[in-house]
Amino acid sequence: MGFDGMWSALTGVGTDPGGGYTREAWSGADLELREWFRQEAERRGLDLRGDRNGNLWAWWGDPDTRPGVVAGSHLDSVRQGGAYDGPLGVVSAFAAIDLLRERGVTPGVPVGVACFTEEEGARFGVPCLGSRLLTGVLEPDRARGLTDDDGDTLAEVLKRAGRDPAALGRDPETLGHIGAFVELHVEQGRALDGLGSAIGVAASIWPHGRWRLDFRGRADHAGTSRLADREDPMLPFANAVLAARTAAERAGVVATVGKVRVSPGSANAVPGHVAAWLDVRGEDERAVRDLVAEVGAGVEVACESWTPEVLFDPAIAARLSAALGDAPVIPTAAGHDAGILASAGAPTAMVFVRNPTGISHSPEEYAEPADCHAGVVALADAVKELADGLLV
Ligand code: GLV
Ligand code: MN
Ligand code: MN
């Protein structure tokens, strides 16, 4: 099945009645997507391997004989997300293998397709969970204890999915299969559109993190409690949101509060507790950390994830850019499994596909079919280039 067939097979999986897709890790939709991955691997005679952390690998050639080139991304989404963030990279990786085969190219190294688990951190809060566990930057004990919004731990959810939570953790055997990694991704910005190019190559990822802020007060009656007597946590919360915006504008970074939990959540009660999640990103790590310190002053703050700046290997980026017709090399403020692998020392690159509006993490996320097809060609060329690089 070609790119278009694979793409349309996914359109009905995990649709959200509120719009877009909600494909959280280990949900019914995610299990359906994993089954789709298995079938696509089987259709091509690829060897499907799971790893200790729930990531999937489909190999053309045997990575136990020598490390190979892996292309891939993720199939999970944010809540009410777009179709492209993640799946475009996985579908394109299968299609790139088809294209290499059609061209009669047999790379001298194994070629794999990867699907990483819980890339968005939409369910358990830590993005790139699968690649962080794989590379050992996240402690398995911490991962097992992460909870979703229902209060279920990752360990419980894994057990229900028939998996062994004790297996989580750094996986040198799987890591040893990766000679080079390339993630194709829809661009989450408008740089390529502005440059008039369908394809780009990643230069870097901004440092970024997520912090949980807890504002505690005292629940009370919305009618009978006098304003002066209230301990209303909604007020410092609202001030923090505005302070984050003002500080971000001043510092030239971006700050977002995209998730809030108000308890008990009654329209006629002063809340007793507000939990809010602050996402901050910027070119300059110091500015990001200063903003969190400023907004979090006097508040209970817990860092849920931190990703330092990623600089993709400039020699690899330059090589791919040249192989892809002088594709522009651009930075991004979005996190990716490729960034985690690059920081762990794997030779890594990213290929971006133009997004005409730049919108992402939204049902409005889009890429033109012609650009997606150009992405498959670019990814096949990138895999070949990286495979040739591993042979020298
Ligand atoms: C992942 O898409 C992120 O940048 O949050
Ligand atoms: Mn993504
Ligand atoms: Mn995303």
Side-chain angles (χ1 to χ4, degrees), residues 10 14 16 20-25 29-30 33 37 55-56 71-93 113-132 138 181-189 191 200 202 204-212 253-259 277-283 288 303-310 312 330-343 348-355 357-367 372 375 379:
L10 296 182
D16 190 301
Y21 293 95
T22 296
R23 296 163 166 170
E24 291 189 354
D30 190 40
L33 292 163
F37 186 95
N55 307 308
L56 296 173
S73 190
H74 60 98
L75 293 173
D76 66 304
S77 75
V78 293
R79 290 175 192 160
Q80 300 185 0
Y84 297 81
D85 178 355
L88 186 64
V90 179
V91 168
S92 299
V113 179
C115 170
F116 288 99
T117 193
E118 175 75 325
E119 191 273 350
E120 298 289 1
R123 182 163 185 183
F124 292 101
V126 177
C128 300
L129 190 67
S131 55
R132 282 182 207 268
L138 180 67
F181 179 70
V182 54
E183 179 167 359
L184 177 143
H185 207 281
V186 66
E187 197 202 346
Q188 296 165 295
S204 59
I205 298 179
W206 279 7
H208 59 283
R210 290 183 197 181
W211 289 264
R212 176 180 164 139
V253 302
V254 289
T256 309
V257 178
K259 179 174 170 179
W277 282 262
L278 175 67
D279 179 308
V280 191
R281 311 178 189 216
E283 222 172 334
V288 170
C303 180
E304 293 205 334
S305 73
W306 171 250
T307 309
E309 182 183 36
V310 176
F312 290 105
I330 55 172
T332 179
H336 299 286
D337 296 301
I340 304 295
L341 291 176
S343 297
T348 301
M350 288 193 75
V351 171
F352 290 129
V353 171
R354 171 167 52 195
N355 175 340
T357 63
I359 295 174
S360 188
H361 285 184
S362 155
E364 288 180 42
E365 182 181 79
Y366 184 68
C372 295
L379 188 59

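Whatever order the structure lists them in is the order used to number ligands and atoms, beginning at 1. Since this is a predicted model, take the numbers as computed values, not measurements.
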Practice item. Looking only at N, O or S atoms, find the one in E120 nearest to the Mn ion (ligand 3) and name it. Key: OE2

Check your understanding: Can you find an N or O of A334 that's nearer than 3.5 Å to an N or O of ligand 1?
Key -> no

Point to revise | Contact check, side chains of W306 and V288, non-hydrogen atoms, under 4.5 Å | key: yes

**Study point:** the Mn ion (ligand 2) to nearest N/O/S of H336 below 2.8 Å
**Key:** no

Point to revise | E120, portion touching ligand 1 at heavy-atom distance under 4.0 Å | key: side chain

Review point. For the Mn ion (ligand 2), what is the closest N, O or S atom on H74?
Key: NE2

Review point. Closest approach of A334 and I205, non-hydrogen atoms and distance?
Key: O-CG2, 3.2 Å

Practice item. Identify the two heavy atoms, one from A333 and one from R281, that lie closest to each other, and give their separation to 0.1 Å. Key: O-NH1, 2.8 Å

Practice item. Report the part of R281 in contact with ligand 1, treating N, CA, C, O as backbone and CB onward as side chain, heavy atoms under 4.0 Å; options are side chain, backbone, both, neither. Key: side chain

Check your understanding: Should you measure from each heavy atom of G335, which atoms of ligand 1 turn up under 4.0 Å away?
Key -> 1 (C), 2 (O), 3 (C), 4 (O)

Review point. Which atoms form the tightest heavy-atom contact between T117 and A25, and what is the distance?
Key: OG1-CB, 4.4 Å

Exercise for review: Of all N, O or S atoms in D85, identify the one at the shortest distance from the Mn ion (ligand 2).
Suggested key: OD1

Study note, to complete from the structure: Heavy-atom closest pair (V126 atom, E304 atom, distance to 0.1 Å) is CG2-O, 3.6 Å

Practice item. Could you tell me whether E24 and R79 have a side-chain N and a carboxylate O separated by less than 4.0 Å? Key: yes

Exercise for review: Kindly say whether E119 contributes a backbone atom to a donor-acceptor pair with the side chain of D76 at under 3.5 angstrom?
Suggested key: yes

Exercise for review: Select one of side chain, backbone, both or neither to describe which atoms of H361 lie under 4.0 Å from any atom of ligand 1, heavy atoms only.
Suggested key: side chain

